[in-house]
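Lettering follows sequence order; numbering is per chain, from 1.
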Number of protein chains: 2
Amino acid sequence: MAETHARTRIQKKNRIAILDAALDVFSQFGFRGSTLDQIAKAAGLSKPNLLYYFPSKEAIHVELLSCLMDTWLDPLRDLDPTGDPREEILAYVRRKLEMSRVMPRESRLFANEILQGAPRMMDAIKGDLKELTDEKATVIAGWMDAGEIARSNPYHLLFSIWSLTQHYADFDVQVRAVLGDEGGDPFPTAEHYLETLFSKLLTV
Amino acid sequence: MAETHARTRIQKKNRIAILDAALDVFSQFGFRGSTLDQIAKAAGLSKPNLLYYFPSKEAIHVELLSCLMDTWLDPLRDLDPTGDPREEILAYVRRKLEMSRVMPRESRLFANEILQGAPRMMDAIKGDLKELTDEKATVIAGWMDAGEIARSNPYHLLFSIWSLTQHYADFDVQVRAVLGDEGGDPFPTAEHYLETLFSKLLTV
DNA sequence: GCATAGTTTGACCATTTGGTCAGGATCACG
DNA sequence: CGTGATCCTGACCAAATGGTCAAACTATGC
């Protein structure tokens, strides 16, 4: 969860409880669809007590989003320009899918924010996200130029990794409904499928 | 837009105006994040007048969703079991991407509904959607068995088509932000990328 | 042009919502 | 133990929200 600078032990505990509860609620209903009462109830606190720790509903949302962007970019940051191109990209896919599995709420929070036009994240997207994407797209383009992986559009390659991996978090209920109850956990199958897909895609 | 049984001309016109406005609002803010005032203003009507045409906020949402599911499945319905396997699937991808381009609001409405756990669509998903998906997955599996396209998991193949194409509607603002202002319309490039991707993927 | 069916609205209502505040409870620490 | 800082709460508020209703307005067909 989001670590937060806090003086006392109680503050630390409650701030985390609030952010965790808010993540539950915001990720499901979006900012405008969520209420302080919902968050307070989920956190096991009273509404005025919530507002003792955060000045406003918006402040909670902003805090969540700013913590999120860093976490979100970590897997891509770890893409090593000096590593084996094919293995680097496949490892990135694996890290992203693992993220969808372990942090589906964060994925949905992000999806909600983008769906609503990214009113509170546009700066981070046009800033950090774009910057890192440009950097790594250049690395990937280099690998393509060197003939180490098949040529394609590096940006759309990254988009396809984002879309395919996040789909299993954001559209989880659809995936499970289609696969049926006896389908079991979709993630192992998804990992194998994506491994095969990108493996084939990258082959020259 | 959604066609709707209506006696008078005025009724027809206003119901359509309302549904169109509601699509704008719901697709951006989700059900709970949208207000009747917003919808009324967008439709150019007063709030009581809205409620003359629809009994409640929920009724508008339900109407939109039930019209949507049919439209949504059309491209997959058109997948012809007797056609050329590779060309059929590529054509399906093209139809889905075209849908994201022409009906991004509908795509976002759907995404919002799924993100919130599909409270009003679960029946349709476990019913029509699952049924059609099962049917077409069987067709695709047949093609794989016959060695006409590369073997993989037919369900995850369909998921990947949904995810990749809908991404360009649902995450539009992210895509455009990353590609930058001089990037132009992302859709032509996306079409070419997806064509290449699936072409390669399907090759035995 | 008139009666009727169909359409629109301002005023209103109960509930929910984000947020405040004064005071009480509890903790940390000398 | 006591005292100051921290934590918590019930009561409250103004605004927004989904929805109602009687009355006024307008289109339509005769």
Side-chain angles (χ1 to χ4, degrees), chain A residues 2-65 109 112-113 116 119-120, chain B residues 2-65 109 112-113 116 119-120:
Chain A
E3 57 272 272
T4 155
H5 43 78
R7 294 107 208 256
T8 83
R9 233 168 293 153
I10 297 181
Q11 237 173 74
K12 196 163 217 159
K13 187 191 62 154
N14 280 348
R15 280 183 65 97
I16 287 180
I18 291 170
L19 289 173
D20 190 66
L23 182 56
D24 264 353
V25 178
F26 282 141
S27 67
Q28 193 176 352
F29 300 109
F31 179 72
R32 294 187 34 177
S34 305
T35 72
L36 285 178
D37 288 290
Q38 265 181 297
I39 298 172
K41 191 179 168 189
L45 298 173
S46 66
K47 185 168 60 167
N49 206 8
L50 265 204
L51 293 162
Y52 171 76
Y53 290 100
F54 290 90
S56 69
K57 179 184 172 185
E58 181 162 358
I60 304 178
H61 197 235
V62 166
E63 174 81 16
L64 277 179
L65 288 184
L109 181 72
N112 255 307
E113 176 67 8
Q116 294 180 19
R120 286 170 229 282
Chain B
E3 57 273 273
T4 155
H5 43 74
R7 296 111 209 254
T8 82
R9 232 167 293 155
I10 297 180
Q11 237 173 73
K12 197 163 217 160
K13 187 192 62 156
N14 279 349
R15 279 183 66 99
I16 288 180
I18 291 169
L19 289 173
D20 189 65
L23 181 56
D24 264 354
V25 177
F26 282 140
S27 67
Q28 191 176 354
F29 301 109
F31 179 72
R32 294 185 35 177
S34 304
T35 73
L36 285 179
D37 288 292
Q38 266 181 296
I39 298 173
K41 192 178 168 190
L45 297 173
S46 68
K47 185 169 58 168
N49 206 6
L50 264 205
L51 294 162
Y52 170 74
Y53 290 101
F54 290 89
S56 69
K57 178 184 173 185
E58 180 162 359
I60 304 178
H61 197 235
V62 166
E63 175 81 15
L64 277 178
L65 288 183
L109 181 73
N112 255 307
E113 177 67 8
Q116 296 182 17
R120 286 168 231 282

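- The P48(A) side chain lies nearest to dT9(D) when the options are dG18(D), dG19(C), dT9(D).
- As judged by a 4.0 angstrom heavy-atom cut-off over every strand, L51(A) is placed among the base-contacting residues.
- Side-chain proximity of T35(B) to the nucleotides dT8(C), dT9(D), dG18(D) is greatest for dG18(D).
- Atom CZ of F29(B) and atom P of dA16(D) are 16 Å apart (whole Å).
- For the pair I39(B) CD1 and dG19(D) P, the computed distance is 10 Å after rounding to whole Å.
- The CD1 atom of I60(B) sits 10 Å away from the P atom of dG18(D) (whole-angstrom rounding).
- Taking 4.5 Å as the limit, some side-chain heavy atom of F31(B) sits within range of a side-chain heavy atom of E58(B).
- Within 4.0 Å (heavy atoms only), Y53(B) reaches sugar-phosphate atoms of the nucleic acid but no base atom.
- What separates CG of D37(A) from P of dT9(D) is a distance of 14 Å, to the nearest Å.
- Here the P atom of nucleotide dT20(D) and the CG atom of L50(B) are 13 Å apart, to the nearest Å.
- Here the nucleotide nearest the side chain of K47(B), chosen from dG19(D), dT6(D), dG19(C), is dG19(D).
- The distance from atom CG of N14(B) to atom C1' of dA27(D) is 13 Å, rounded to the nearest whole Å.
- As a whole-Å value, the separation of N49(B) CG from dG6(C) C1' is 11 Å.
- The distance from the CG atom of L109(A) to the CG atom of D24(A) is 11.0 Å, given to the nearest 0.5 Å.
- Among the nucleotides dG18(C), dT9(D), dT9(C), the one closest to any side-chain atom of S46(A) is dT9(D).
- Taking only side-chain nitrogens and oxygens, Q11(A) never comes nearer than 4.0 Å to OP1 or OP2 of dT6(D).
- With rounding to the nearest 0.5 Å, the separation of CG in L45(B) from CG in N14(B) is 5.0 Å.
- Ring orientation note: the planes of F26(B) and H61(B) are nearly perpendicular, at an angle over 60° on the 30°/60° scale.
- At a threshold of 4.5 Å between non-hydrogen side-chain atoms, the residues T35(B) and R32(A) count as touching.
- Rounded to whole Å, the distance from NZ on K13(B) to P on dA27(D) is 10 Å.
- The listed nucleotides are dT20(D), dC7(D), dT8(C); the one nearest the side chain of Y52(B) is dT8(C).
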